[in-house]
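Before any comments, here is the structure.
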Amino acid sequence: LSQRMAERSVDVIKYLMKEGQMMKPGDVIDADLAELIAGEFGHTVKRVSESDVELGIFGADKGDEGELKPRPPVVTIMGHVDHGKTSLLDAIRNANVVSGEAGGITQHIGAYQVEKNGQLITFIDTPGHAAFTAMRARGAQATDIAILVVAADDAVMPQTIESINHAKAAEVPIIVAINKIDKPTADAQKVRTDLLQHEVFVESMGGEVLDVEVSALKQLNLDKLLDAILLQAELLDLKANPDRTAEGVVIEAKLDRGRGSVATVLVQAGTLTPGEILVAGDQWGRVRALVNDRGEQVKSAGPAFPVEILGLQGTPQAGDRFAVVENEGRAREIAEYRQRLARDKAAARQSGSRGSLEQMMTQLQDTGSQEFPLLVKGDVQGSIEAIAGAIEKLGTDEVRARIIHSGAGAITESDISLAEASGAAIIGFNVRANKQARDAAERDGVEIRYYNIIYDLVDDVKAAMSGMLSPER
Ligand code: GDP
């Protein structure tokens with residue numbers, strides 16, 4: 001504080017002593033005292049809260065003038081390992097490069113666009129639910145539609161189920177791509193019936209989920225898949241205002257030897273142009289150039305348009321939000337504020353202020369939420385079903401537990417990120433978390449509770465619901 005006021009710290013400490021506060025340099029004071037001191041030393045105080053900072057960005061002058069216009073859908077591909085996610089992304093890209101610009105060489109920038117019947121579709125180029133949920137955990141929802149790839153010779157597998165639950169937790173609609181139908185052992189019907197058990201009802205089973213039989217290898221029916229995406233997009237009525245200052249989300253970011261910090265962003269509203277100043281997470285910069293997914297420099301990027309940004313001072317993280325601000329000073333101020341906030345949060349975590357089931361419940365009640373999200377992992381399917389049944393019966397009028405994902409096997413990093421993104425606690429029944437998962441839980445402040453007797457578990461959940469949970473066992 002004395003530094004910011006350009007005063008000697010001894011003078012500040014003397015003043016505090018006079019007021020009966022014994023302090024030394026480095027001690028922490030609260031905002032009220034800081035305001036008092038600053039006033040005493042003849043400085044004008046401007047209080048900046050998180051909401052001021054965020055409003056300052058998103059409520060910028062050029063706000064929401066202009067009208068909403070249709071924008072391309074943003075699609076993520078998910079599914080079990082080896083079911084063909086990467087092959088499908090490649091096949092779609094190779095078959096449908098945006099026409100008229102055939103010269104460019106495809107670059108992996110984290111997202112790409114294809115054209116179908118004059119309409120654009122944006123694909124996130126990192127398949128799988130891990131990246132998807134990691135982004136969501138940072139508060140960013142980039143995806144409009146999830147393509148669930150299921151190999152027709154293998155049907156529904158554990159990561160298929162995870163993907164379904166991750167998509168559902170994010171309330172993102174699913175389109176099923178039944179892949180590898182070229183294989184003699186392919187059984188598309190088994191995929192459809194398997195999916196019933198996980199509450200994915202495709203059209204031919206009386207549901208509303210679109211499904212398409214494809215072969216990424218033989219490039220079969222890729223057009224039909226794109227049609228299904230456009231149909232789903234039409235139902236979603238996706239719109240954004242291109243005529244405002246740009247904001248959106250960081251898809252990927254890296255430090256490039258030749259080019260410095262490079263971030264791929266997806267513009268979600270407004271239009272981004274070179275020369276503009278933006279804040280991305282706790283980093284900022286002036287846009288030196290915008291580069292598209294074919295390595296070409298572009299003059300602007302509108303809604304759902306993925307571009308690489310050159311000119312950032314540092315490297316933001318995937319999932320960070322970005323926004324254009326009016327000037328460099330403002331950009332610096334926000335970036336520094338967020339860096340400080342991140343440091344404070346890290347310090348708070350270090351000091352072990354992890355949420356308990358009980359605190360989570362209280363928080364939920366404070367926010368008026370009535371659902372208590374839980375993720376249940378167990379040793380065998382039978383016990384998981386018993387637990388799920390017992391927990392779901394516990395609901396009261398005010399609050400009920402909702403199981404957002406369950407499965408057999410150890411608690412993994414993917415479980416942690418889903419729990420973090422959904423504000424859920426994790427319950428392990430006769431299973432443990434692996435090392436990476438424990439570290440991630442520690443880092444992200446996700447609560448894991450272990451049980452081996454269903455009774456204890458039900459008791460704890462019940463107690464948490466009534467806000468009377470016993471101390472950690
Ligand atoms: P990912 O792990 O989901 O990204 O799966 P990959 O795209 O890496 O594909 C796994 C394997 O399945 C590779 O050997 C692919 O060649 C193969 N594969 C992918 N799609 C098809 C397909 O449509 N038909 C056949 N026969 N094989 C496929």
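Ligands are counted one by one from 1 in listed order, and the atoms in each one are counted from 1 as well.
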His83 and Asp154: CA distance, side-chain angles, deciding distance, side-chain hydrogen bond (donor to acceptor under 3.5 Å, both in side chains) verdict: CA-CA 8 Å; His83 278 197; Asp154 208 19; 2.9 Å; yes

Between His166 and Thr133, is there a side-chain donor-acceptor contact under 3.5 Å, judged purely by atom types and distance?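 Yes - a donor-acceptor pair under 3.5 Å links their side chains.
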
Tell me whether the centres of the aromatic rings in Phe429 and Tyr451 are closer together than 6.0 Å.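 Judged by ring-centre distance (under 6.0 Å), Phe429 and Tyr451 do not meet the cut-off.
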
Could you tell me whether the side chain of Asn165 and the main chain of Glu162 form a donor-acceptor pair under 3.5 Å?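 Flag not set: sc Asn165 to bb Glu162 has no pair under 3.5 Å.
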
Member of His405, His198, Glu199 meeting the side-chain contact (heavy atoms from CB on, under 4.5 Å) criterion with Ile164: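 Passing option: His198.
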
Gap separating the CD1 atom of Ile229 from the OG1 atom of Thr122, nearest 0.5 angstrom: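 So the CD1 of Ile229 and the OG1 of Thr122 are separated by 10.5 Å.
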
Using a threshold of 4.0 angstrom between heavy atoms of the protein and any atom of ligand 1, which residues qualify?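 Near ligand 1, by chain and number: His80, Val81, Asp82, His83, Gly84, Lys85, Thr86, Ser87, Asn179, Lys180, Asp182, Lys183, Ser215, Ala216, Leu217.
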
